[in-house]
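Treat the numbers as computed from the prediction; the structure is a model and nothing was measured.
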Amino acid sequence: QVQLVESGGGLVQAGGSLRLSCAASGRTSSAYAKAWFRQAPGKEREFVAAIDWSSKMTNYAASVKGRFTISRDNAKNTVSPQMNSLKPEDTALYYCAANERYSATSVDWAYDYWGQGTQVTVSS
């Protein structure tokens, strides 16, 4: 089992920055690919960014590419997206996810473990 706990969400003005963090615990969790997804009210959950276990491969949604940067620290078992130039449309509940088999994929069904989410609200 892998447990994931997100933190770092909050309220920020458009154009501002936030850094989320996901702390993982459990057996071999540092070997898992990690990703962030988000879900806004009334919308489907969507992929944001992913990173493989070695940090050699990253994957970003088109809507955040150039604004968000995902990184991980396997020694601390954390994964963090640095979110810059935030827009009101980035407002959502952000979830951390982990998978062992599919590397930095954008498909949510590939992820076996999910956190409870952290809210990000961007005001205009």
Side-chain angles (χ1 to χ4, degrees):
Q1 277 289 63
V2 174
Q3 293 79 42
L4 304 171
V5 179
E6 303 95 336
S7 62
L11 174 64
V12 64
Q13 286 190 331
S17 298
L18 273 179
R19 185 178 180 87
L20 305 182
S21 185
C22 173
S25 61
R27 186 169 172 267
T28 67
S29 58
S30 63
Y32 286 48
K34 304 278 175 45
W36 287 83
F37 289 78
R38 66 187 182 187
Q39 187 167 21
K43 293 189 176 182
E44 297 285 317
R45 184 169 59 192
E46 65 174 1
F47 169 74
V48 176
I51 188 168
D52 76 339
W53 73 272
S54 68
S55 301
K56 291 181 180 178
M57 182 187 300
T58 57
N59 187 8
Y60 294 93
S63 59
V64 307
K65 203 165 189 177
R67 299 188 298 122
F68 290 14
T69 303
I70 190 169
S71 61
R72 66 189 292 164
D73 184 335
N74 286 342
K76 296 181 180 178
N77 250 338
T78 59
V79 59
S80 299
Q82 175 66 43
M83 307 188 298
N84 299 327
S85 303
L86 283 161
K87 305 174 182 179
E89 50 264 44
D90 293 318
T91 295
L93 188 61
Y94 282 70
Y95 296 93
C96 178
N99 93 80
E100 188 178 19
R101 296 165 295 170
Y102 296 103
S103 194
T105 182
S106 61
V107 293
D108 60 359
W109 57 256
Y111 290 87
D112 306 299
Y113 303 101
W114 294 81
Q116 294 298 306
T118 185
Q119 179 67 38
V120 171
T121 303
V122 184
S123 63
S124 56

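- One finds the CD1 atom of I70 at 8.0 Å from the OG1 atom of T58 (value rounded to the nearest 0.5 Å).
- Every residue was checked against the ring-ring contact (aromatic ring centres under 6.0 Å, His included) condition with W53, not counting sequence neighbours, and none meets it.
- Residues Y113 and E100 form no side-chain contact, since every pair of their non-hydrogen atoms from C-beta on lies 4.5 Å or further apart.
- When only modelled atom types and interatomic distance are considered, S17 and N84 share a side-chain donor-acceptor pair under 3.5 Å.
- Interatomic distance, R67 CZ to S85 OG, rounded to the nearest 0.5 Å: 7.0 Å.
- In terms of modelled atom types and a separation under 3.5 Å, the side chain of N99 and the main chain of S103 share a donor-acceptor contact.
- Taking the side chain as every heavy atom from C-beta outward, Q39 and Y95 approach each other to under 4.5 Å.
- Counting only distance, with no hydrogens or angles, the side chain of E6 and the backbone of C96 share a donor-acceptor pair below 3.5 Å.
- Of the possible polar contacts, one joining the R72 side chain to the D52 backbone as a donor-acceptor pair under 3.5 Å is found.
- There is no path of hydrophobic side-chain contacts, each under 4.5 Å, that joins L4 to W36.
- Within the 4.5 Å cutoff, side-chain heavy atoms of L86 are placed close to those of L18.
- Between D90 and M83, every side-chain heavy-atom pair lies at or beyond the 4.5 Å cut-off.
- Legend: residues meeting side chain to side chain contact (heavy atoms under 4.5 Å, CB included) with V107, ordered by chain and number and at least two apart, are T105, W109, A110.
- Ring geometry, Y111 versus F37: the interplanar angle exceeds 60°, so the pair is classed perpendicular (tilted spans 30 to 60°).
- Residues that satisfy the side chain to side chain donor-acceptor pair (under 3.5 Å) test with Y94, not counting sequence neighbours, are R38.
- Between the S106 side chain and the F47 main chain, no donor and acceptor come within less than 3.5 Å of each other.
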